[in-house]
Amino acid sequence: MTLRLFNTLTGQMDDLVPSDGQALRMYACGPTVYDYGHIGNFRTFLQVDVLRRTLKLMGMKLQHVMNITDVDDKIIRNSTAAGIPISEYTPRYVDAFFEDLDALRVERPEQIARATENIDRMVALIQKLADAKAAYQTEDGSWYFRLSAFPEYGKLSKKDLSGMEDGARVDVDEYEKDSARDFALWKAAKPGETAWDAPIGRGRPGWHIECSAMSMAYLGDSFDLHAGGEDLMFPHHENEIAQSETVTHKPLAHHWMHVRFLLVDGRKMAKSEGNFYTLRDLLLRGYKASAIRLALISVPYRHQLNFTFDGLTEATHAIERLRTFRERLAKGAFAAGSNPAMKDAAEKAHTDYMAALANDLNTAEARAPIFDLVRTANTAIDQGQLLAEDRDAILAVLRAFDAVFDVIEDRDAEPTRRAIAWAQQTGRAADIAPELLARQSLSDEAIDTLVAERTLAKKQRNFARADQIRNELAEKGVILEDSKDGVRWKRK
RNA sequence: GGCGCGGUACCCAAGUGGUAAGGGAGAGGUCUGCAAAACCUUUAUGCGCCGGUUCGAUCCCGGCCCGCGCCUCCA
């Protein structure tokens, strides 16, 4: 099975296949670690995760590199304000980033590339650009890329910059540059700023050169796929192409994938808009990591996603439906044998599911056959028509679903527990929803004890006491379900 | 201004030239001591508006209205 994926560069759907016949070599732009990640960041990383997992489910091997930008203007600004060197400032945000990825079940790339560990490679690339007359140094010691050296500039974002007038009063602060659009490759050190000594002078790398140097170092001059948020298309990715292809004369990446933005209440998320949420904000409000994951991946990557709290609630309920269903299959007793109708239903669901993913990662379309199967199978179970082999076939379909979506298996307790601990340790305890704390107040053992007491009360037909216990548990966010096979409880 | 995307039921959302997946929510019912879960029924002759092409358009073409994103750091 082959994934058809929209390619920004060609403007059409192209098959995504490893050009070396072995593993798909892909580079995805990672975070700049100057603060905690927000849900917009994570939508992009989640969609790249969907891509990764889909390719793996199709049997493809991956060589996926993600950079971490651990030196840039914002980092320097913030670390200076905090009065500590960037080497002490960034680790906490690097750790937080990976913790958040874990909470959201985002798989780690095969290779993490840190900017500060690849400075030599960036310097070497700038020297090659200088040799090619595509880079020049200004009076203050900074290096810039000469846009006029790369006629194809704009081919990714389809921008025609030929009409832009050089030397126009576009950017008075950058009067030293030959052209207003020329971008920085190397920023000369200013007093007190983090800097590296290099043959091209003391300074630090520009953002764009990082990705060019690291992607080529880990994946070769020309690789299969480059991914990132839509905002990176211009100028970041365009600049990467210019830097790399000027030196190699080969396409940097054959395929470019851009994840569209997440909006909040119909607007781009921004601190100044007051609609800015980190993952931790949502966890502390009591939303489950799985619900956040599902909400952020259920709208296909090529569409804007309008984030709302209603959407999270909806995702919570949808996951609950799937989990309840799987538990019913796993714990129920089914007679041996196979029901041809159910076998067909399971096969069809699997086929449709895979086809939807193969069609440009259409996650919304991929969900539908799974929920169809849930309803069909539930009905069959109600009528005693579902047999043991059918159960196994359906469980296999659910595993294929979770291989990409990864929300049925309940791993929500840990991220929530960690978020609460983090809030308490960093003086943000006030941000923890009271309801969430109430929910945490009962141990599993305490719940089991109360459930047992209620079961006894029911047996003695003391329904008043039984209902009282059920209500008490409900107030603590524990929901009970009676069935022939006993009582199931779950945390809200 | 340039480039691009979207407007489908109460909400989210898929989709196709032949009459609308799925999820959530609501209503009624079955089951249950009562609930919960599950199942059944139900909620768009309708897919922003106006023209056109066509035997037939939500899906193709043109125009218009509305919303959003990028064009500067930004996932």
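Atom set for the values below is all heavy atoms of this structure, side chains included, hydrogens, waters and symmetry mates excluded. The chains referred to below are lettered A, B, ... by the order of the sequence lines, with proteins before strands, and numbering in each begins at 1.
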Looking at A:Asp402 and A:Val407, would you say the former's side chain and the latter's main chain have a donor-acceptor pair under 3.5 Å?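 Such a contact is found between A:Asp402 side chain and A:Val407 backbone.
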Determine whether a donor-acceptor pair (N or O, by modelled atom type, separation under 3.5 Å) exists between the side chain of A:Arg280 and the backbone of A:Ala96.
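Side chain of A:Arg280 to backbone of A:Ala96: a pair is present.
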Could you measure between the two [atom1] atoms, the one in [N] and the one in [M], and give it in whole Å?
{"N": "B:A38", "M": "B:C50", "atom1": "C1'", "value": "48 Å"}
{"N": "B:C59", "M": "B:C70", "atom1": "C1'", "value": "27 Å"}
{"N": "B:U8", "M": "B:U16", "atom1": "C1'", "value": "13 Å"}
{"N": "B:G33", "M": "B:U42", "atom1": "P", "value": "29 Å"}
{"N": "B:C49", "M": "B:G67", "atom1": "C1'", "value": "15 Å"}
{"N": "B:G26", "M": "B:C10", "atom1": "P", "value": "16 Å"}
{"N": "B:A25", "M": "B:C64", "atom1": "P", "value": "42 Å"}
{"N": "B:G6", "M": "B:G15", "atom1": "C1'", "value": "15 Å"}

With a non-hydrogen cut-off below 4.0 angstrom, is [X] in contact with a base, only sugar-phosphate, or nothing?
{"X": "A:Asn362", "result": "sugar-phosphate"}
{"X": "A:Arg367", "result": "sugar-phosphate"}
{"X": "A:Gly40", "result": "base"}
{"X": "A:Gly266", "result": "sugar-phosphate"}
{"X": "A:Lys158", "result": "nothing"}
{"X": "A:Pro369", "result": "nothing"}
{"X": "A:His236", "result": "nothing"}
{"X": "A:Ala318", "result": "sugar-phosphate"}
{"X": "A:Asn306", "result": "nothing"}

Whole angstroms only, please: what is the [atom1]-[atom2] distance between [X] and [N]?
{"X": "A:Tyr353", "N": "B:A14", "atom1": "OH", "atom2": "C1'", "value": "16 Å"}
{"X": "A:Ile370", "N": "B:A14", "atom1": "CD1", "atom2": "C1'", "value": "15 Å"}
{"X": "A:Leu296", "N": "B:G23", "atom1": "CG", "atom2": "P", "value": "21 Å"}
{"X": "A:Leu263", "N": "B:C5", "atom1": "CG", "atom2": "P", "value": "16 Å"}
{"X": "A:Phe309", "N": "B:C12", "atom1": "CZ", "atom2": "P", "value": "16 Å"}
{"X": "A:Glu238", "N": "B:C70", "atom1": "CD", "atom2": "C1'", "value": "12 Å"}
{"X": "A:Leu312", "N": "B:G24", "atom1": "CG", "atom2": "C1'", "value": "13 Å"}
{"X": "A:Arg302", "N": "B:A75", "atom1": "CZ", "atom2": "P", "value": "22 Å"}

Using 30° and 60° as the class limits, which term best fits the ring planes of [X] and [Y]: parallel, tilted or perpendicular?
{"X": "A:Tyr93", "Y": "A:Tyr89", "answer": "tilted"}
{"X": "A:Phe276", "Y": "A:His38", "answer": "perpendicular"}
{"X": "A:Phe405", "Y": "A:Phe401", "answer": "parallel"}

Using every non-hydrogen atom in the two residues, find where A:Cys29 and A:His237 come nearest and quote the distance to one decimal.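 Distance-wise, the nearest heavy atoms are SG-NE2, 3.4 Å.
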Q | Contact summary for A:Ala253 and A:Leu225, nearest pair of heavy atoms | A |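 Heavy atoms of A:Ala253 and A:Leu225 come nearest at CB-C, 4.3 Å.
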Exercise. Do the two ring centres, one from A:Tyr277 and one from A:Tyr287, sit under 6.0 Å apart?
Worked result: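 Not close enough - the centres of the two rings lie 6.0 Å or further apart.
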*Tell me whether the OP1 or OP2 atom of B:A25 has a side-chain N or O from A:His317 closer than 4.0 Å.*
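Answer yes for this pair, as a side-chain N or O of A:His317 is under 4.0 Å from OP1 or OP2.
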Would you say a side-chain N or O of A:Arg260 is under 4.0 Å from OP1 or OP2 of B:G4?
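For A:Arg260, the contact criterion (side-chain N or O under 4.0 Å from OP1 or OP2 of B:G4) is not met.
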query = Starting at the 5' end of RNA chain B, which residue's closest nucleotide do you reach first, A:Thr308 or A:Phe261?
reply =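 Per heavy-atom nearest nucleotide, the more 5' residue is A:Thr308.
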5' to 3', nucleotides 32-39 of chain B under a 4.0 Å protein heavy-atom cut-off (B base, S sugar-phosphate only, - none) gives -BBBBSSS
ring-ring contact (aromatic ring centres under 6.0 Å, His included) between A:Phe145 and A:Tyr153, worked out:
CA-CA 12 Å; A:Phe145 184 90; A:Tyr153 192 77; 7.6 Å; no
*asked:* On the side chain of A:His303, is there an atom forming a donor-acceptor pair with the base of B:A13 - under 3.5 Å, no angle test?
replied: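 Flag unset: no donor-acceptor pair detected.
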- Task: Confirm from the modelled atom types if A:Glu314 and B:G23 form a donor-acceptor pair under 3.5 Å, side chain to base only.
- Result: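 Result: at least one qualifying N/O pair found.
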The dot-bracket string of RNA chain B, counting Watson-Crick and G-U wobble pairs with both distances under 3.5 Å, using [ ] for crossing pairs and | for pairs to another strand, is (((((((..(((.....[...)))((((((.......))))))....(((((..]....))))))))))))....
(Q) Taking NZ in A:Lys158 as the centre, count heavy atoms belonging to other residues, nucleotides or ligands within less than 6.0 Å. Is the count above 12? (A)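 Counting neighbours around NZ of A:Lys158, more than 12 heavy atoms of other residues, nucleotides or ligands fall under 6.0 Å, so yes.
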For a 4.5 angstrom cut-off between non-hydrogen side-chain atoms, does A:Arg108 reach A:Asp102?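 Yes, their side chains come closer than 4.5 Å.
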